[in-house]
Visitor: 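Here it is, the structure in full.
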Amino acid sequence: MTARRVPIFSTIVVIAASLTMVGLGVWQLGRKTEKEALIARYEAAISNPDPVTYPAASQAAVDAALYRRSSIDCAFTSGDWRSISGRNAKGQSGFVHIVLCGIDKGPPRQDRTAYVQVGWSRDPAAPKWEGGPVSGWIVPNSEGFARLVADPPLAGLEPNAAPDPGDLPNNHLAYAVQWFFFAATALVIYVLALRRRGR
């Protein structure tokens with residue numbers, strides 16, 4: 001009795017899927033290298049004591065200024081505070097308080113505003129602060145814009161935790177290993193299925 005022929009279409013599909021997963025793993029390794037270079041650039045930036053102008057709304061300006069010191073004059077606040085979980089300079093958990101500032105008295109355009117993290121407290125209630133001079137570190141904001149982490153803190157709050165580029169997520173190696181594992185698993189399962197089919 002002759003062995004059954006290997007199904008061509010199924011084999012092509014499995015091989016194509018496995019190659020795709022291997023390609024995704026290789027892409028994640030490339031992203032890992034890119035992220036390591038980015039973190040190294042941010043670590044060099046944060047060690048530079050020379051202040052820079054607070055960036056306008058363009059993404060290129062924001063990227064170039066991240067983890068540098070800067071200062072603004074908060075002419076007025078939006079009054080819409082966000083209190084999110086964060087740590088203070090001692091590593092204690094609590095809340096950091098963020099507000100949108102107008103950085104001149106013109107119309108509230110995006111290039112005339114700045115998110116300011118004024119300080120830390122255990123209380124999630126918004127502090128009472130209506131603006132003034134702010135000095136601190138430029139860090140990425142969750143919306144993709146910059147945020148100025150006040151140093152020293154304002155409104156009677158405790159110091160914010162110092163920004164650390166090493167806190168940026170860099171789990172691309174784990175993702176790459178997962179894709180390689182998925183590719184190997186798919187091939188092994190298919191080979192076992194073929195062997196069982198041929199019996």
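No experiment lies behind these values; they were computed from the predicted model shown. Because only heavy atoms are used, hydrogens play no part in the values below, and waters and symmetry mates are left out as well, while side chains stay in.
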Visitor: Would you say Arg122's side chain and Gln92's backbone share a donor-acceptor pair under 3.5 angstrom?
Guide: no
Visitor: Kindly indicate whether the side chain of Arg69, heavy atoms from C-beta on, has any atom under 4.5 Å from the side chain of Ser135.
Guide: yes
Visitor: Pair up each side-chain donor or acceptor in residues 6-21 with any protein partner under 3.5 Å, not counting sequence neighbours, and list the distances.
Guide:
from: Thr11; atom 1: OG1; to: Pro7; atom 2: O; distance (Å): 2.6
from: Thr11; atom 1: OG1; to: Tyr190; atom 2: OH; distance (Å): 2.8
from: Ser18; atom 1: OG; to: Val14; atom 2: O; distance (Å): 2.9
from: Thr20; atom 1: OG1; to: Ala16; atom 2: O; distance (Å): 2.8

Visitor: State, to 0.1 Å, how close Pro127 and Val118 come at their nearest heavy-atom pair, and which atoms those are.
Guide: CG-CG2, 4.2 Å
Visitor: Should the heavy atoms of other residues, nucleotides or ligands under 6.0 Å from OH of Tyr175 be counted, would the total exceed 12?
Guide: no
Visitor: Output the distance between atom OG1 (Thr77) and atom CG (Leu100), rounded to the nearest 0.5 Å.
Guide: 9.0 Å
Visitor: Check which hydrophobic residues are tied to Val188 through side-chain heavy-atom contacts below 4.5 Å, counting indirect links as well, and list them.
Guide: Leu192
Visitor: Within 45° of the six-membered ring axis of Trp137 and under 6.0 Å from that ring's centre, is NZ or CZ of Arg68 located there?
Guide: no
Visitor: Apply side-chain hydrogen bond (donor to acceptor under 3.5 Å, both in side chains) to Gln178 and list each qualifying residue two or more places apart in sequence or on a separate chain.
Guide: none
Visitor: Any side-chain heavy atom of Leu173 within less than 4.5 Å of one from Leu29?
Guide: yes
Visitor: Indicate the atoms forming the closest heavy-atom contact of Ser78 with Val99, along with that distance.
Guide: OG-CG2, 3.9 Å
Visitor: Hydrophobic cluster membership, with links at side-chain heavy-atom distances under 4.5 Å among I/L/V/M/F/W/Y: are Leu66 and Val52 in one?
Guide: yes
Visitor: Please give me the minimum heavy-atom distance between Tyr54 and Ser70, naming the atom from each residue.
Guide: N-OG, 3.1 Å
Visitor: Quick one: CG on Asp167 to CZ on Arg87, what's the gap to the nearest 0.5 Å?
Guide: 10.0 Å
Visitor: Less than 3.5 Å apart, which donor and acceptor atoms pair up between the side chains of residues 39-46 and the rest of the protein, not counting sequence neighbours?
Guide:
none

Visitor: Using 0.5 Å steps for rounding, measure from the CG atom of Asn88 to the CZ atom of Phe95.
Guide: 13.0 Å
Visitor: Output yes when a side-chain donor or acceptor of Trp120 lies under 3.5 Å from a complementary backbone atom of Gly86, and no otherwise.
Guide: yes
Visitor: Hey, could you give me the CZ/CG distance between Arg31 and Asn171, rounded to the nearest 0.5 Å?
Guide: 10.0 Å
Visitor: Do Cys101 and Val134 have side-chain heavy atoms sitting under 4.5 Å apart?
Guide: no
Visitor: May I ask whether Phe181 and Ile189 are part of the same hydrophobic cluster, defined by side-chain heavy atoms of I, L, V, M, F, W, Y residues being less than 4.5 angstrom apart, directly or through others?
Guide: no
Visitor: Which pair of non-hydrogen atoms, one from Val22 and one from Ala183, has the smallest distance, and what is that distance?
Guide: CG2-CB, 3.8 Å
Visitor: Kindly give the heavy-atom pair with the smallest separation between Trp129 and Ala155, and that separation in Å.
Guide: CB-CB, 3.7 Å
Visitor: Which residues satisfy the side-chain contact (heavy atoms from CB on, under 4.5 Å) test with Ser121, sequence neighbours excluded?
Guide: His97, Asp123, Leu157
Visitor: Roughly how far, to the nearest 0.5 Å, is the NZ atom of Lys32 from the NZ atom of Lys35?
Guide: 11.5 Å
Visitor: When you measure from the side chain of Asn160 to the backbone of Asp151, do you find a donor-acceptor pair of N or O atoms at a distance under 3.5 Å?
Guide: no
Visitor: Could you list the residues that satisfy ring pair (Phe, Tyr, Trp, His ring centres under 6.0 Å) with Trp179, not counting sequence neighbours?
Guide: Phe182
Visitor: Quick check: closest heavy atoms across Pro140 and Arg147, and the distance to 0.1 Å?
Guide: O-NH1, 3.6 Å
Visitor: Do the non-hydrogen side-chain atoms of Leu148 and Ile138 ever get within less than 4.5 Å of each other?
Guide: yes
Visitor: Are Val139 and Tyr67 side-chain neighbours, meaning at least one heavy-atom pair lies under 4.5 Å?
Guide: yes
